[in-house]
Participant: 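Here it is, the structure in full.
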Protein chains: 2
Amino acid sequence: MNPEHVKPTEAELEILQILWARGACTVREVNEQLNLKRETGYTTTLKMMQIMTEKGLLTRDESQRTHVYRAAVQERDMQKRLLDKFLDSVFKGSAASLVMQALGNSQTSAEELREIRKLIDEMEKGGAK
Amino acid sequence: MNPEHVKPTEAELEILQILWARGACTVREVNEQLNLKRETGYTTTLKMMQIMTEKGLLTRDESQRTHVYRAAVQERDMQKRLLDKFLDSVFKGSAASLVMQALGNSQTSAEELREIRKLIDEMEKGGAK
DNA sequence: ATTTTTCTACGAAAATTTTCGTACGTGTGC
DNA sequence: GCACACGTACGAAAATTTTCGTAGAAAAAT
């Protein structure tokens, strides 16, 4: 299945996060990471990862008895896809409004603020209308 | 039920959006709005709104035969709550990274960019560390 | 070599979310 | 009055997501 338009469920997203952070993993590694947050049976994790592989969200190397899994989608791409959806469904598509709230809520470091400002400078120069 | 920590499902969020945009509504009005996007049976919408009322997401005025519903949570509050969750699960809590992507993807007007810059100015003055 | 552990496969139960059929009461027009 | 449109209530089917038990093969330990 083409993963480009598959929306991961919440449980699937947690697994993707682990794989993005750690690279290739076995089911056992992923399961252990999941268990840091909450109790999850081994076969539950296994089944999830098998389903995700069918959906095209993961790939796996079966050359060894213990299969090794990888995310089949880039973190950035998935973030963009989910952000678009979130923006639509929660902020009616208004990025500015989302950005204002995100900045307002969180304590963002001065360093990060500078970077964001730089991006805005470039966008204004580049020519938003 | 206390609505403060209830996470709406996707279908519930769509209904909240309609009520936030239009204020008090009957089931029929909401159903008509939903049908602009996709076919939805009347009793389906009714049931959803009844469930949401039980959860505390909506309130209703039953003084007339045709009940009138309102959102029981403020749009802002819900946005904040969902944004926090989204930030955590998709951007590992990094607001800056979310903001950069949100700005990068969308075409935001010069007007909006100015507002965001103003907010950043205030935050820097206010003293982010 | 036998037991124990570790792994995958798979079906199905459990939990959650969404949809809808049916019943039944009330108002409206004829 | 009677028929018909329109409303709520409610249970349960359908669809989706998550969890897990069991079986059986392969590796490791004893």
Side-chain angles (χ1 to χ4, degrees), chain A residues 1 3 5-19 24-70 78 82 85-86 89-90, chain B residues 1 3 5-19 24-70 78 82 85-86 89-90:
Chain A
M1 200 186 290
H5 304 93
V6 178
K7 186 187 177 188
T9 66
E10 281 185 30
E12 288 172 347
L13 186 56
E14 285 185 280
I15 290 174
L16 282 173
Q17 290 289 5
I18 290 168
L19 289 170
C25 283
T26 63
V27 173
R28 184 149 303 279
E29 285 173 80
V30 170
N31 184 244
E32 273 162 14
Q33 289 301 308
L34 285 178
N35 274 288
L36 297 181
K37 291 255 167 188
R38 58 185 168 70
E39 185 68 20
T40 310
Y42 176 83
T43 55
T44 301
T45 305
L46 170 64
K47 181 65 163 185
M48 286 303 304
M49 292 173 74
Q50 287 171 340
I51 290 171
M52 291 171 75
T53 304
E54 276 174 29
K55 288 190 188 178
L57 287 171
L58 307 185
T59 59
R60 71 175 162 193
D61 174 354
E62 319 182 0
S63 64
Q64 304 303 119
R65 183 167 87 100
T66 303
H67 298 175
V68 176
Y69 291 78
R70 290 179 173 281
M78 185 56 79
L82 295 178
K85 240 188 165 13
F86 183 75
S89 63
V90 180
Chain B
M1 199 185 293
H5 304 92
V6 178
K7 186 186 177 190
T9 65
E10 281 187 30
E12 288 172 347
L13 187 56
E14 285 185 282
I15 290 174
L16 281 173
Q17 291 289 5
I18 290 168
L19 288 170
C25 282
T26 63
V27 173
R28 184 149 304 282
E29 284 172 78
V30 171
N31 184 243
E32 273 163 14
Q33 289 301 308
L34 285 178
N35 274 285
L36 297 181
K37 291 254 167 188
R38 58 186 168 69
E39 185 69 20
T40 310
Y42 176 83
T43 57
T44 300
T45 304
L46 171 65
K47 181 67 163 185
M48 286 303 305
M49 293 175 74
Q50 286 172 341
I51 291 171
M52 293 171 75
T53 303
E54 276 174 29
K55 288 191 190 178
L57 288 170
L58 306 185
T59 59
R60 73 176 160 192
D61 175 353
E62 318 182 1
S63 63
Q64 303 304 121
R65 184 167 87 99
T66 302
H67 299 174
V68 176
Y69 291 78
R70 289 178 175 281
M78 184 58 77
L82 296 178
K85 239 187 167 13
F86 183 76
S89 63
V90 180

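Just so it is clear, the structure is predicted and the values come from calculations on it, not from any experiment. Quick note on labels: first sequence line is chain A, next is B, and so on, each numbered from 1.
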Participant: So, is B:T44 near the phosphate of C:dT18, with a side-chain N or O under 4.0 Å from OP1 or OP2?
Facilitator: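 Checking C:dT18 against B:T44, no side-chain N or O comes under 4.0 Å of OP1 or OP2.
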
Participant: From CD1 of B:I51 over to C1' of D:dT8, roughly how many Å is that when rounded to an integer?
Facilitator: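 Roughly 14 Å, once rounded to whole Å.
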
Participant: Which atom names give the shortest non-hydrogen contact between A:R70 and A:L19, and what distance separates them?
Facilitator: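 Where A:R70 meets A:L19 most closely, the heavy atoms are C-CD1, 4.2 Å.
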
Participant: Testing the basics here: between B:V30 and B:I18, what is the closest heavy-atom pair and its distance to 0.1 Å?
Facilitator: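 Heavy-atom minimum between the residues: O-CD1, 3.9 Å.
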
Participant: Is A:E12 salt-bridged to A:K55, going by a charged N under 4.0 Å from an acidic O?
Facilitator: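 A salt bridge links A:E12 with A:K55.
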
Participant: Rounded to the nearest angstrom, tell me the gap between atom CD in B:E12 and atom P in C:dT16.
Facilitator: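 Distance check: B:E12 CD to C:dT16 P gives 13 Å.
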
Participant: Looking at B:N31 and B:T40, would you say the former's side chain and the latter's main chain have a donor-acceptor pair under 3.5 Å?
Facilitator: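 Flag set: sc B:N31 to bb B:T40 pair under 3.5 Å.
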
Participant: Taking atom P of D:dT17 as reference, at what distance in whole Å does atom NZ of B:K7 sit?
Facilitator: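 To the nearest whole Å, that distance equals 13 Å.
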
Participant: May I have the distance from B:D61 (atom CG) to D:dT8 (atom P), rounded to whole angstrom?
Facilitator: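 Distance check: B:D61 CG to D:dT8 P gives 12 Å.
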
Participant: Does A:T26 place a side-chain N or O at less than 4.0 Å from the phosphate oxygens OP1/OP2 of C:dC7?
Facilitator: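 Result: no.
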
Participant: Search all heavy atoms of A:L58 against all heavy atoms of A:M49 and return the closest pair with its distance.
Facilitator: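 Shortest heavy-atom separation between A:L58 and A:M49 comes out as CD1-O, 3.9 Å.
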
Participant: Within the structure, does a side-chain N or O atom of B:R38 lie under 4.0 Å from either OP1 or OP2 of C:dT19?
Facilitator: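 Yes, because at least one side-chain N or O of B:R38 sits under 4.0 Å from OP1 or OP2 of C:dT19.
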
Participant: Write down the distance between CE (B:M52) and P (C:dT18), rounded to a whole number of angstrom.
Facilitator: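 So the two atoms are 10 Å apart, to the nearest Å.
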
Participant: May I have the distance from B:R28 (atom CZ) to D:dT8 (atom C1'), rounded to whole angstrom?
Facilitator: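 The distance from CZ of B:R28 to C1' of D:dT8 comes to 12 Å, rounded to the nearest Å.
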
Participant: Can you give me the N/O atom pairs linking the protein to nucleotides 10-15 of chain C at distances under 3.5 Å, or say none if there are none?
Facilitator:
residue: C:dG11; atom: N7; partner: A:K47; partner atom: NZ; Å: 3.4

Participant: Check the distance between C:dG27's P and B:Q64's CD and give it to me in whole angstrom.
Facilitator: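 Spelled out: CD on B:Q64 to P on C:dG27 is 10 Å.
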
Participant: Who pairs with B:E62 by side-chain contact (heavy atoms from CB on, under 4.5 Å), at least two apart in sequence or on another chain?
Facilitator: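 Partners of B:E62 under the side-chain contact (heavy atoms from CB on, under 4.5 Å) test: B:R60, B:H67.
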
Participant: Can you check nucleotides 24-26 of chain C for protein contacts, nitrogen or oxygen pairs under 3.5 Å, and list what you find?
Facilitator:
residue: C:dG25; atom: N2; partner: B:R65; partner atom: NH1; Å: 2.3

Participant: Using a cut-off of less than 4.0 Å, is there contact between a side-chain N or O of A:Y42 and OP1 or OP2 of D:dT19?
Facilitator: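 Answer no for this pair, as no side-chain N or O of A:Y42 is under 4.0 Å from OP1 or OP2.
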
Participant: Do the side chains of B:E10 and A:K85 get close enough for a salt bridge, i.e. N-O under 4.0 angstrom?
Facilitator: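 A salt bridge is absent here (no side-chain N lies under 4.0 Å from a carboxylate O).
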
Participant: So, is A:T9 near the phosphate of D:dT18, with a side-chain N or O under 4.0 Å from OP1 or OP2?
Facilitator: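 The answer is yes; a side-chain N or O of A:T9 sits under 4.0 Å from OP1 or OP2.
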
Participant: Please state whether the phosphate of D:dA9, meaning OP1 or OP2, lies under 4.0 angstrom from any side-chain nitrogen or oxygen of B:R60.
Facilitator: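 The answer is yes; a side-chain N or O of B:R60 sits under 4.0 Å from OP1 or OP2.
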
Participant: Would you mind reading off the distance between A:E54 atom CD and C:dA9 atom C1', rounded to a whole angstrom?
Facilitator: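 Spelled out: CD on A:E54 to C1' on C:dA9 is 11 Å.
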
Participant: Would you name the heavy atoms of B:A24 and B:E29 that are closest together and state the gap between them?
Facilitator: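 Heavy-atom minimum between the residues: O-OE1, 4.4 Å.
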
Participant: Measure the CD-OG1 distance between A:Q33 and A:T45 for me, rounded to the nearest 0.5 Å.
Facilitator: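 Interatomic distance, A:Q33 CD to A:T45 OG1, rounded to 0.5 Å: 11.0 Å.
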
